[in-house]
Every structure is written in structure tokens, then in C-alpha cells.
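Notes follow the structure.
Here is how names work: the chains are called A, B, and so on, in the same order as the sequence lines, proteins then strands, and each is numbered from 1.
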There are 2 protein chains.
Amino acid sequence: MKKDNSESSKNTTYFRPYKGERSFEAVSGEIKKLIFQGVFKAGDKLPPETEIGRQFGVSRQTVREALRILEQSGFITIQQGVNGGPMITDTVLSRLSNMFLDIFYFKRLSLDELTEARFGIEKAMFKHVIERVEETDVEALKKNVEEAKIKLEKNDTPFEENIEFHRILARASKNFVYMIVIELLMSVVSHFHSERNEKDLKKSARIVHLHEAILEGIVEKDYDRSVLILDELLKEVRTILTKKGQNMA
Amino acid sequence: MKKDNSESSKNTTYFRPYKGERSFEAVSGEIKKLIFQGVFKAGDKLPPETEIGRQFGVSRQTVREALRILEQSGFITIQQGVNGGPMITDTVLSRLSNMFLDIFYFKRLSLDELTEARFGIEKAMFKHVIERVEETDVEALKKNVEEAKIKLEKNDTPFEENIEFHRILARASKNFVYMIVIELLMSVVSHFHSERNEKDLKKSARIVHLHEAILEGIVEKDYDRSVLILDELLKEVRTILTKKGQNMA
DNA sequence: TCACATTTGTCCGTATGTATC
DNA sequence: AGATACATACGGACAAATGTG
């Protein structure tokens with residue numbers, strides 16, 4: 001804060017950004033800290049911009065820039081209108097995925113190397129899936145495969161379902177770090193599927209079939225067999241994803 | 001843009017955000033697109049805020065909010081002063097790491113599950129390291145180990161060097177996706193090392209020794225032996241990292 | 001060293017769009 | 001439909017930082 005010349009100087013501000021930090025950074029940092037501490041939880045509403053500014057002793061402009069940062073980081077969303085304002089909403093993972101996708105474009109990465117990494121990571125993760133899978137996970141996987149089959153019967157390609165299968169697997173690993181990493185990778189895959197929307201029912205059916213086989217292996221806790229099928233699945237995916245569009249501008 | 005009532009209406013604006021998009025989002029999106037297209041490259045300077053606003057036909061305030069987004073995403077940095085202004089600087093990976101660290105705190109993840117995931121991912125990656133390692137990578141690894149040893153001789157703990165070892169390994173995999181993922185994981189490890197700065201020379205020496213052994217295995221392209229040592233190393237790391245501070249608020 | 005120019009940082013005031021009641 | 005409360009966006013001003021002559 002460079003100015004504290006508020007003529008109505010009854011609101012003495014107890015808030016000071018430390019040297020070198022800009023005011024809006026200090027404000028966004030303070031709010032983020034409150035979110036981390038659990039003072040604000042998802043669904044809670046923050047005061048309107050004017051009120052936040054009053055409490056921190058900064059202008060609305062400064063508050064707005066702070067809110068932009070929090071919004072971009074996935075901690076809040078903002079609504080206009082009478083009962084609107086900034087609201088705590090946990091979309092951090094989605095924002096992280098968007099950023100990863102940006103980097104993917106920016107660095108001109110290839111789907112080939114993405115798939116290669118996915119290959120190794122998913123296989124490593126799968127070990128824990130077999131160890132820790134619970135009944136609810138199996139149910140989710142079964143439901144997923146069923147929905148994919150229904151789409152196939154309607155001559156519809158179950159892209160999203162087939163991607164979701166791997167997200168469910170990640171959840172079943174009971175390791176949040178794997179979940180995040182898989183989410184990053186799959187969000188890129190999902191993005192390119194929705195971009196070039198090619199219908200290949202035969203290949204989709206093959207994938208659903210392999211998913212079903214993996215599911216059987218999981219139920220029977222047959223790690224070796226499951227991993228073999230997973231291998232086959234990923235090879236299949238690889239040929240689909242990398243047959244064209246090696247990298248993209 | 002809600003207002004286009006510029007009395008000096010000689011600057012007719014050809015820029016309009018599409019319905020639903022806010023002006024500052026449109027501006028940041030346009031600039032980001034130019035960066036992706038290579039029109040702006042790292043080191044280039046963007047025009048000052050006022051000029052950007054003039055070109056897009058928006059106010060300076062709107063430009064500033066757009067710049068906050070680009071700054072937060074790691075595409076630009078900003079300097080005050082006469083030769084300052086927004087400059088294109090590629091810090092996207094660093095920003096992604098910061099966001100991952102935020103999520104790590106926010107979701108109260110444990111170093112234990114981080115290490116578990118790192119275990120699997122690094123082992124999967126290592127297969128490609130052995131396949132694709134080049135002389136420059138070996139040189140970098142050797143240099144790293146030497147620097148770590150020098151620190152040890154000075155009774156200093158080579159935390160950063162030991163973490164950097166794994167970044168170099170990731171580079172040697174020649175797969176940028178692995179590099180990104182490892183960067184995310186190691187940035188968390190680095191953060192916690194610098195937080196609780198405990199000097200354990202004995203364990204550090206042991207790690208450096210294992211790094212050296214892995215390096216030997218790489219040089220001799222002895223995958224099986226290298227992986228065995230990597231296993232040992234990661235187990236060692238695990239005991240160090242998880243002996244306390246399972247999760248942190 | 002010291003003034004000066006440039007550019008970001010921050011403030012205020014005002015108008016308008018938007019969603020809710 | 002109208003009033004209300006909120007974000008969005010505008011313009012103008014001054015402070016602070018930083019490089020230049």
C-alpha cells in the first residue's frame with residue numbers, strides 16, 4: 001500500500017504487505033491462507049469486492065486483481081448479481097489440468113511421449129489398485145463399462161467413458177498423487193478426443209472389451225493377468241492416439 | 001466491453017469479447033494465443049499497459065487484470081520503471097509446480113503417498129533413461145555427484161544437489177512428460193527439505209553414494225543392477241521423508 | 001549526484017451490465 | 001416489472017520504482 005490517505009481516516013488498516021510484495025499479492029495470499037486454514041470452505045461466500053477492500057484497507061481495483069489470481073488458481077469463482085460475489089469453490093485440480101494442457105501446447109509435446117509416460121505411470125499405479133481396490137471401486141468400474149456398452153449399442157463412441165475408466169482406476173489406487181498425475185494426463189487425452197471427433201466404433205468396442213477384461217482381473221485379484229491386458233490396452237491406445245497428429249501447433 | 005463511448009472516437013476498436021467472456025479474459029486469451037503462435041517469444045517485451053489497452057480498445061484496468069492472469073500462468077513477468085513493462089518469460093513449469101504444491105497443502109496430502117507415487121513413476125521412467133541416456137547426461141550426473149561430494153566434505157548437506165540428480169535423470173529419459181511430472185514431485189520434496197532444515201550428514205552421504213552407484217550402472221547400461229540400487233535409494237529416501245510430518249497443515 | 005522521463009502500482013469516482021428478489 | 005446488489009468497465013489522478021542524461 002502506497003497510499004493510506006483516506007480522508008475518512010477512521011478505518012485504520014492493520015494490514016500491510018511486506019516490502020517487495022504488491023498489495024494485490026498480499027490480499028490474495030491472505031485469503032488463500034484463510035482457505036488453507038479452513039476458515040473458508042467450498043460453498044462459502046466471500047464479502048463483495050468493496051467490503052474486502054474496506055477490510056484490507058485497499059481499493060477495489062487492488063481487490064479485483066487479487067480475485068483474478070485466486071480465480072485463476074481455482075480457489076474461487078465469481079458471480080454477478082444480487083446474491084453473487086466471490087465464492088469458494090474447489091476447482092484447483094481442473095485449473096492445474098488446464099495449465100498442463102497449456103504447457104503441452106506451448107512446449108509442442110507429442111501425444112506419443114504423453115502416451116509413453118502414461119504407459120509406465122499407469123502400470124506402476126496399477127500395482128496399488130490391485131492391493132487396495134474396494135467394493136465401491138469395483139462397482140464404479142462395472143457401472144462405467146455398462147454405460148460404455150450402452151453407448152456402443154447406440155452406435156455412439158464412448159470416449160468419455162473410456163477415459164473415465166482410468167480416472168476410476170486412479171481413485172482405486174487410494175493415492176491422491178497418482179490421481180492428480182493421471183488426471184493431468186487424461187485431461188490432455190480427453191481434449192484431443194473432443195477436438196478430432198472421429199468415430200471408430202470397432203476400436204472403441206475393442207477398448208471397452210479390454211476394460212472389461214481388466215475389471216475381471218481386478219475382481220479376481222489376478223495381478224499378472226490384469227497387467228498383461230493393461231499392457232495390451234495401452235498398446236492399442238497408443239496406435240489410436242499416435243497414428244496421426246504427432247504434435248500440434 | 002460494455003462501454004465504447006470514447007468521445008475521441010477516432011480509435012474504432014476491432015476487438016470484441018464474445019458473449020459470456022469478460023473483457024480481461026478476451027485480452028489475456030488473445031495475448032496467450034500470440035505467444036503460442038510464436039509472435040512473442042521469451043525475452044520479448046509487450047507494450048506498456050496503456051498501449052495494450054489502446055490497441056484492444058479497453059481500459060488500463062482491464063489490461064491489468066489480463067496481465068495478472070498471464071503472470072499467474074507463467075507467461076509473462078512485469079517490471080516497473082522506465083525500461084520495464086510486461087515481458088515474455090517462460091516460467092510456466094515453475095508456476096505449475098507452485099500450483100501442485102498448493103494442492104498438496106490444500107488437500108493435505110502426505111509425503112508418504114508422494115514418495116510412493118514417486119517410487120513407481122521414477123522406476124518406470126528409469127527404463128527409458130537406460131535406453132536413451134547420452135554422454136551429456138552422464139556428464140551432468142557426474143558433475144552433480146562431484147558437487148554433492150564437495151558439499152559433504154565441507155560438512156554441508158547437499159539437499160539441492162541430491163534432488164537435482166533426479167531432475168537430470170528425468171531429462172535423460174528424453175520424455176518431457178516425465179520431466180514435468182518429476183519436476184512437480186521433486187518441487188514438493190525440495191520445499192519440505194528447505195522447510196525443516198535438518199542436517200543429517202550420514203544419510204546424505206549414503207544417498208550420494210547410492211547416486212554414484214546408479215550412475216555407474218547407467219554408464220555400464222546395466223539396467224537390472226541400476227534398478228536394484230534405485231530401489232534401495234527410494235526406500236532410503238522414504239524412511240527419511242516419512243519418519244515424521246506425515247501430513248501437514 | 002540529481003533531476004527527468006517512463007511505466008507499474010494504487011487510489012477514487014462514475015456508469016453500466018447482470019442476476020436476484 | 002421494478003428495485004436492489006453485485007461485478008464489470010471506464011477515466012483520471014498521483015505515488016513509487018527504475019533507468020537515463
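Applying the 6.0 Å contact sphere to CD of B/E147 captures more than 12 heavy atoms from other residues, nucleotides or ligands. With a 6.0 Å radius and a threshold of 12 heavy atoms from other residues, nucleotides or ligands, B/E30 has its CD atom above the threshold.
Among the nucleotides C/dG9, D/dT8, D/dC10, the one closest to the side chain of B/E49 is C/dG9. Nearest nucleotide to the side chain of A/V58, out of D/dT8, C/dC11, D/dC6: C/dC11. In the set D/dA7, C/dG9, D/dG19, the nucleotide with an atom closest to the side chain of B/V82 is D/dG19.
Contact between the side-chain N/O atoms of B/R22 and the OP1/OP2 oxygens of D/dA7 is not found at any separation under 4.0 Å. Residue B/N83 places none of its side-chain N or O atoms closer than 4.0 Å to OP1 or OP2 of C/dT7. Dashed line: the shortest gap from a side-chain N or O of A/T62 to OP1 or OP2 of C/dC11 is under 4.0 Å. Note on B/S23: every side-chain N or O is 4.0 Å or more away from OP1 and OP2 of D/dT8. For the pair B/S59 and D/dG11, the criterion of a side-chain N or O lying under 4.0 Å from OP1 or OP2 is not met. Regarding contacts with the backbone of C/dG9, a side-chain N or O of B/R68 is found under 4.0 angstrom from either OP1 or OP2.
Atom NZ in B/K45 sits roughly 8 Å away from atom P in C/dT7 (whole-Å rounding). For the pair A/E51 CD and D/dA7 P, the interatomic distance rounds to 11 Å; values are reported in whole Å. The distance from atom CZ of B/F56 to atom P of D/dC10 is 13 Å, rounded to the nearest whole Å. Taking atom CD1 of B/I76 as the reference point, atom C1' of C/dT7 lies 14 Å away to the nearest angstrom. Rounded to an integer number of Å, the gap from A/E65 CD to D/dA7 P is 16 Å. Nucleotide C/dA19 holds its P atom 14 Å from the CD1 atom of A/I78, rounded to whole Å. One interatomic measurement links the two molecules: CD of B/E21 to C1' of D/dA7, which rounds to 16 Å at whole-angstrom precision. In this structure, B/F24 places its CZ atom 15 Å from C1' of D/dC10, rounding to the nearest Å.
Each of B/G84 and A/G84 has a nearest nucleotide on DNA chain C; the 5'-most of these lies closest to B/G84.
Residue A/Q79 is in sugar-phosphate contact alone, with no base atom involved, counting any heavy-atom pair closer than 4.0 Å across all strands shown.
Within the structure, side-chain hydrogen bond (donor to acceptor under 3.5 Å, both in side chains) pairs that include any residue of residues 81-94 of chain A comprise A/T77-A/T89, A/D90-B/K107 (at least two apart or interchain).
Looking at residues two or more places apart in sequence or on another chain, you find a side chain to side chain donor-acceptor pair (under 3.5 Å) between A/E25 and A/R22.
Within 3.5 Å, a donor on the side chain of A/Q80 pairs with an acceptor on the base of C/dG17, or the reverse. No hydrogens or angles were tested; on distance alone, a donor-acceptor pair under 3.5 Å links the side chain of B/R60 to the base of C/dG9. Put simply, the side chain of B/Q61 and the base of D/dC10 share a donor and an acceptor less than 3.5 Å apart.
Aromatic ring pairs are classed by plane angle as parallel below 30°, tilted from 30° to 60° and perpendicular above 60°; the pair B/H166 and B/H211 is perpendicular.
Of all heavy-atom pairs between A/D200 and A/T157, the closest is N-CG2, 3.7 Å.
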